[in-house]
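Please read the structure below before turning to the comments.
Only a predicted model underlies this, so the values are computations on that prediction, with no experimental measurement involved. The first residue of the sequence shown is numbered 1, and numbering continues consecutively from there.
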Amino acid sequence: MANTYSQVHLHFIFAPKFRQALISNSWETSLYKYITGIVEARQHKMIAINGMSDHVHMLIGFRTTQSIADLMQDVKADSSQWINANRFCGSRFEWQAGYGVFSYSKSQVPDVIRYIQTQKEHHRKLTFRQEYLSFLEKFEVEYDERYIFKSPE
């Protein structure tokens, strides 16, 4: 779009269905590269991506030509199809419904990058659920406890 200018930095957090630890060290780097390709094919800029076996963090420079919901639909649908086509999991892989998305100013981007890059160290002290709830509280996001990345019933 001519004459449309923006600077939007979004931090996404999402998890496999039921928060299962399905993302293996043996293919996580390939997954991050694949997701980066999805994001960049939609003209956004991947700034940082990393995670744990039970969740993914990504920081992107977001173009306003696509909705946040549409981008996440593309990332989750395309990456789960790729995971299943490559048979990385013993069963069908699905992402949990929903995700977290948080915005940052340009001055905060280096700290967010560092945070995402140090996920493995960070999670020696904190569970994913504790981390996610801390984001919701820090950003003053109202939430219903019943829908925080549900576990199997």
Among all residues two or more places apart in sequence or in another chain, which pass the side-chain contact (heavy atoms from CB on, under 4.5 Å) test with [X]?
X	answer
E142	none
N25	E28, K120
K33	T29
A77	Q73

- Message: Is it the case that the side chain of R19 and the backbone of A15 share a donor-acceptor pair, with hydrogens and angles ignored and the cut-off at 3.5 Å?
- Response: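 It does not hold such a pair.
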- Keeping the roles fixed (side chain from Y32, backbone from G51), state whether a donor-acceptor pair exists under 3.5 Å. yes
- F88 and F93 aromatic centres sub-6.0 Å: no
- Task: Taking the six-membered ring for Trp and the full ring for Phe, Tyr or His, determine whether the centres of Y143 and F135 are under 6.0 Å apart.
- Result: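 When the ring centroids of Y143 and F135 are compared, they turn out to be at least 6.0 Å apart.
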- Query: Among Y132, Y99, F18, F128, which one satisfies ring-ring contact (aromatic ring centres under 6.0 Å, His included) with H55?
  - Reply: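 The passing option is F128.
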How long is the gap from [atom1] on [X] to [atom2] on [Y], to the nearest 0.5 Å?
X	Y	atom1	atom2	answer
L71	Q43	CG	CD	12.0 Å
I49	I60	CD1	CD1	10.0 Å
L59	I116	CG	CD1	5.0 Å
T65	D70	OG1	CG	10.5 Å
D78	K76	CG	NZ	13.0 Å
M58	I47	CE	CD1	11.0 Å

- Item | Contact check, side chains of Y34 and V75, non-hydrogen atoms, under 4.5 Å |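 With C-beta onward as the side chain, the pair stays apart.
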- Item | Min side-chain heavy-atom separation Q66-D74 under 4.5 Å | yes
Closest heavy-atom pair and its distance - [X], [Y]:
X	Y	value
A48	M46	O-SD, 3.5 Å
W27	C89	CZ2-SG, 4.0 Å
L126	H122	CD2-NE2, 3.4 Å

- Test item: side-chain donor near acceptor, S134 and E131, under 3.5 Å: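 Distance-only check fails for S134 and E131.
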- Report yes or no: do H44 and E40 form a side-chain donor-acceptor pair below 3.5 Å? no
- Item | Verdict with reasoning, E121 to T118, per side-chain hydrogen bond (donor to acceptor under 3.5 Å, both in side chains) | CA-CA 6 Å; E121 294 84 14; T118 59; 4.7 Å; no
Which atom pairs, one a donor and one an acceptor, fall under 3.5 Å between side chains of residues 7-14 and the rest of the protein, sequence neighbours left out?
{"residue": "H11", "atom": "NE2", "partner": "H57", "partner atom": "ND1", "Å": "2.8"}

- Task: Can you establish whether the number of heavy atoms outside R63 located under 6.0 Å from its atom CZ is more than 12?
- Result: no
- Message: As a quick check of understanding, evaluate side-chain contact (heavy atoms from CB on, under 4.5 Å) for W82 and S30, giving each step before the final call.
- Response: CA-CA 10 Å; W82 177 81; S30 296; 3.7 Å; yes
- Task: Could you check I23 against M52 for side-chain contact (heavy atoms from CB on, under 4.5 Å), going step by step and ending with a plain yes or no?
- Result: CA-CA 7 Å; I23 302 168; M52 297 292 292; over 6 Å; no
- Task: Quick one: which residue pairs count as a side-chain hydrogen bond (donor to acceptor under 3.5 Å, both in side chains) with a foot in residues 83-95, not counting sequence neighbours?
- Result: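 Found S79-W95.
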